[in-house]
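Counting starts at 1 for both ligands and their atoms, following the listed order. We number each residue from 1, following the sequence as shown.
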Amino acid sequence: MIDFAIPADLAAERDRVRRFVIDKIVPYERDPRLTAHGPTDELRQELVELARAEKLLTVQAPESLGGRGLTHIEQAVIYEAAGWSTLGPVAMNCAAPDEGNMFLLSKVADPDQVQRFLAPVVAGHQRSVFAMTEPDGAGSDPAQLSTAATFDGENFTINGRKWLITGANGAKTWIIMARLASNPHLPEGPTLFLADGDEPGIVIERTMNTMDRNYVAGHGVVRFDNLVLPREALLGEAGQALRYAQLRLAPARLTHCMRWLGAAERAQSIAVEHARTRTAFGKPIGEHEGVSFMLADNEIALHQCRLTIWHACWLMDKGEKARHESSIAKSFVSEELFKVADRCVQVLGGIGISDETVVEMIFRDMRAFRLYDGPTEVHKYAIGRKVLRG
Ligand SMILES: Cc1cc2nc3c(=O)[nH]c(=O)nc-3n(C[C@H](O)[C@H](O)[C@H](O)COP(=O)(O)OP(=O)(O)OC[C@H]3O[C@@H](n4cnc5c(N)ncnc54)[C@H](O)[C@@H]3O)c2cc1C
């Protein structure tokens, strides 16, 4: 049976999350600690403590780590509510990149790594990064990975350069992708490593100036300068980084869809209110078909996006990888929600591009969503190949 009903307890929790975000988190959207490089660590910690007090911190984490072990469908409902403010997921510790990193570490890390690198992130005490993208190597095509690791039987030594690394400045738990060179001890190839952000071999060159500002500490350019790590730094099996990256990305790209759906709904609610109250040519602008059709297109898109997300979640909750469906969801939802945000700017007229409302920030922040965790074209490239294979 196909059932779209949200169970009463989940609906109640969704409403509680939405209330928490509106009452406690939205007021921080004008806090000066929400900078051009994202929320500062100080602001994040303050928000995290608010969520902790409401027992809304890291609810998605496995029960063994103190979370509630939410299913993917449950996450869809809760993250959409959290996404009403871009600071909601930061407060609840379900924002990128920590959310995806926690998921990956909960699947792949050994017990010692869980205690050292995962547990403090779940507890909201420290942040994490996933360092893959490179200026001259890995990007859409991670197989071009150029950061190099060698292994002498005792220690790894890593050298290379990465950029667009979200949250790099100040993060303690580092997941680093590097290409392990041929050696007599371990399989070669793309490999994941765990490191402490305080290691002297991790050099933050700078924080990039980008058009978004919803991720804590922004996005860094990073150099690994003879970063020496012990054998225990190996995350999972050597040579398997691309497989683990896929394991992380399928659910992680869906959770982006969930959070941005909440933000797009917020933008729509502001546009609707404006269309009801602002008048032009003798009536509220919402009564002009040109405006009401924009709001209707938004409503249709929001509904389609929600169903697309729920379907992929439903498959994953049944134990399927749903890579194809999560690719469809990521490409469709990111493109559609960006159009929703753009139409909201249009409905607001001139103030749409000002910070008089939060719509302008949502529009700018959402632009990047069409690029990270697989740009739309790369998902279409994968979908197209699957279609042609039949
Ligand atoms: C806000 C933000 C945060 C990010 N955070 C992180 C992070 O924390 N860690 C990390 O490792 N990376 C991060 N990234 C990087 C992100 O994963 C990459 O931007 C993404 O994988 C694309 O790679 P690229 O930027 O090198 O673009 P490129 O690979 O250079 O692609 C450029 C263009 O070519 C197109 N293209 C590529 N291949 C094809 C194809 N086969 N068919 C058609 N078109 C194609 C792409 O769609 C894109 O439009 C982040 C990016 C952004 C924008």
Would you say R278 has more than 12 foreign heavy atoms packed within less than 6.0 Å of its CZ? no
Any heavy atom of V129 closer to ligand 1 than 4.0 angstrom? no
Closest approach of any protein heavy atom to atom 49 (O) of ligand 1, naming residue and atom: E377 OE1, 3.5 Å
Atom 20 (C) of ligand 1 - nearest protein heavy atom and its distance: L371 O, 3.8 Å
Considering only heavy atoms of H219, which atoms of ligand 1 have at least one such atom less than 4.0 Å away? 1 (C), 2 (C), 3 (C)
Quick note, side-chain hydrogen bond (donor to acceptor under 3.5 Å, both in side chains) partners involving residues 106-115, not counting sequence neighbours, are none
Give a yes or no on whether a salt bridge exists between R161 and E205, defined as a side-chain N under 4.0 angstrom from a carboxylate O. yes
Ignoring hydrogens and angles, state whether a donor on the side chain of E134 or T147 is under 3.5 Å from an acceptor on the partner side chain. yes
May I ask you to decide if I328's main-chain N or O and K380's side chain share a donor-acceptor pair within less than 3.5 Å? no
Where does P97 meet ligand 1, judged by heavy-atom distances below 4.0 Å: at the side chain, the backbone, both, or neither? neither
Nearest protein heavy atom to atom 19 (O) of ligand 1, by residue and atom, and its distance? L164 CD1, 3.8 Å
Under a 4.0 angstrom heavy-atom cut-off, which atoms of ligand 1 come close to T133? 10 (C), 11 (O), 12 (N), 13 (C), 14 (N), 15 (C), 16 (C), 17 (O)
